[in-house]
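A short worksheet on the structure shown next.
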Amino acid sequence: MGIRSTSVSDAVAALDERSREIFRRIVEGYLESGEPLGSRNLSRILPMSLSPASVRNVMSDLEELGLIYSPHVSAGRLPTQIGLRFFVDAFMQVGDLSAEERANIDRQVRAETGGNPVESMMNEASRMLSGISRGAGLVITSKSDPVLKHVEFIRLEPTKALAVLVGDHDQVENRIIELPAGVTSSQLTEAANFLNAHMSGQTLPELRKQLSRLKDDVRHELDALSRDLVERGIAVWAGSPDEGKPTQLIIRGRANLLEGLAGAEDLDRLRLLFDDLEKKDSLIEILNLAESGSGVRIFIGSENKLFSLSGSSLIVAPYRDDDDRIVGAVGVIGPTRLNYSRIVPMVDYTAQLVSRLSRNQL
């Protein structure tokens, strides 16, 4: 019977001390070197006295369970993806970070290189996570709503205009909006003047709420076409509630993923991973993965459809805003032989740190 049809507790119960020790040594050897471990070498390092023939018998049982496999004839054994999941759930011990490790993460993530402090912090978090793993550090952050300072509408075509929004840090965002039929240049100016008169110190969602409350005032101050323009412009700029806020992805350490590649097949796998990461749907998918449970989540190889083709592992944790809403995620992407027990607490602490720092700076 394979492990697929048994629970972790049942599988643990099915393994005696010898089987657990041999399985643990095979997985730890793989995580350390990536190399298969054979019966002769295993018999030398086991704490109990077992002949290579006895070790081979145990390995055969583990292989029958689907926990290990032989990469080629006469080779040692490597853990399967199911075996890695079994190891993570049943054997892996995740310790707490030392005070020195926490201080080192704090120092690196807080290092600002100028410009937008939030963006600098996210870049440093991604770079730091890359440095502590064999993979690439990943940060997904929702694009924050700027406090608006000025808005202007510029006609592009009879039915299209460019909405130029200036934030309080002089960041500029441009959005093309559809115009109601027959709108005039004076109505564009009138709508911009109305928005500028009411937007002081507010983000766009806050302005939308205020305009909803000021609906009667809008009716008196703007004619029907101008009201339509305001509503259309804000709806386009804020985005559909079904889509959520636009997101951006920060990845550092892609070169780490190139280390130890065995050949063309590995390069193709890595290319598939990079292609996946470039897709916007991937950002939403990773956020969904982070949101699907509390704390750090571990996805090994094909467990996660996002990286099923590239066979990569993902360790990810969400971070939150002042209202305890999940607004992004931090993590590590890499080969299945990531050092899970070391990376998990670091990803967890980094997510908590990013939550605290972003609340202070957003």
Side-chain angles (χ1 to χ4, degrees), residues 1-95 133-135 256-270 273 298-303 307-313 315 332 334-344:
M1 184 192 309
I3 194 89
R4 295 175 180 83
S5 57
T6 64
S7 68
V8 170
S9 59
D10 290 340
V12 170
L15 300 180
D16 57 20
E17 182 182 356
R18 294 189 311 171
S19 300
R20 287 196 296 270
E21 185 65 23
I22 288 172
F23 174 68
R24 185 178 66 82
R25 297 278 182 165
I26 290 173
V27 175
E28 289 178 348
Y30 168 71
L31 296 179
E32 178 64 29
S33 68
E35 297 297 323
L37 199 54
S39 57
R40 189 171 299 278
N41 287 333
L42 270 168
S43 68
R44 295 193 186 107
I45 63 175
L46 289 172
M48 69 280 292
S49 177
L50 283 179
S51 68
S54 297
V55 172
R56 282 194 294 273
N57 288 335
V58 174
M59 291 167 71
S60 178
D61 293 338
L62 293 172
E63 198 163 359
E64 187 70 22
L65 281 170
L67 296 173
I68 63 175
Y69 75 101
S70 175
H72 48 80
V73 179
S74 301
R77 300 298 188 273
L78 292 173
T80 62
Q81 289 185 11
I82 295 171
L84 283 173
R85 166 53 60 189
F86 178 53
F87 176 83
V88 166
D89 291 344
F91 292 89
M92 188 179 76
Q93 295 182 343
V94 177
S133 69
R134 289 193 178 106
N256 288 352
L257 300 179
L258 295 170
E259 295 179 1
L261 296 183
E265 183 177 337
D266 284 341
L267 286 172
D268 288 341
R269 175 185 59 78
L270 194 63
L273 171 60
I298 301 173
F299 299 91
I300 299 172
S302 59
E303 289 180 347
F307 301 136
S308 60
L309 294 178
S310 62
S312 304
S313 286
I315 302 173
V332 169
T336 54
R337 52 181 290 258
L338 286 169
N339 189 336
Y340 298 97
S341 61
R342 179 168 178 263
I343 295 173
V344 165

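Under the side chain to side chain donor-acceptor pair (under 3.5 Å) criterion, Ser39 pairs with Arg56, sequence neighbours left out. Scored by the side chain to side chain contact (heavy atoms under 4.5 Å, CB included) test, Asn57 finds no partners at all (sequence neighbours excluded). For Thr336, the side chain to side chain contact (heavy atoms under 4.5 Å, CB included) partners at least two apart in sequence or on another chain are Tyr30, Leu84, Ile300, Ser313, Tyr340. For Ser19, the side chain to side chain donor-acceptor pair (under 3.5 Å) partners at least two apart in sequence or on another chain are Asp16. With sequence neighbours left out, Gln93 forms a side chain to side chain contact (heavy atoms under 4.5 Å, CB included) with no residue at all. With sequence neighbours left out, the side chain to side chain donor-acceptor pair (under 3.5 Å) criterion links Ser33 to no other residue. Partners of Ser51 under the side chain to side chain contact (heavy atoms under 4.5 Å, CB included) rule, at least two apart in sequence or in another chain, are Ala53, Ser54. For Arg337, there are no salt bridge (charged side-chain N to carboxylate O under 4.0 Å, His left out) partners, not counting sequence neighbours. Evaluation of the side chain to side chain donor-acceptor pair (under 3.5 Å) rule for Arg24 yields Glu21, Glu28 as partners, not counting sequence neighbours.
Judged as a ring-ring contact (aromatic ring centres under 6.0 Å, His included), not a single pair has a partner in residues 31-58 (not counting sequence neighbours). Residue pairs meeting the salt bridge (charged side-chain N to carboxylate O under 4.0 Å, His left out) criterion with at least one member in residues 32-52, sequence neighbours excluded, do not occur. Applying the ring-ring contact (aromatic ring centres under 6.0 Å, His included) test to pairs two or more places apart or on separate chains, none has a residue in residues 32-70.
Between Phe86 and Phe23, the ring planes lie tilted relative to each other; the angle falls in the 30° to 60° range.
What you find for Ser43 and Leu50 is that their closest heavy atoms are CB-O, 3.2 Å. Between Arg77 and Ile26, the shortest heavy-atom contact is O-CG2, 3.5 Å. Across Leu42 and Arg25, no two heavy atoms sit closer than the pair CD2-CB, 3.6 Å.
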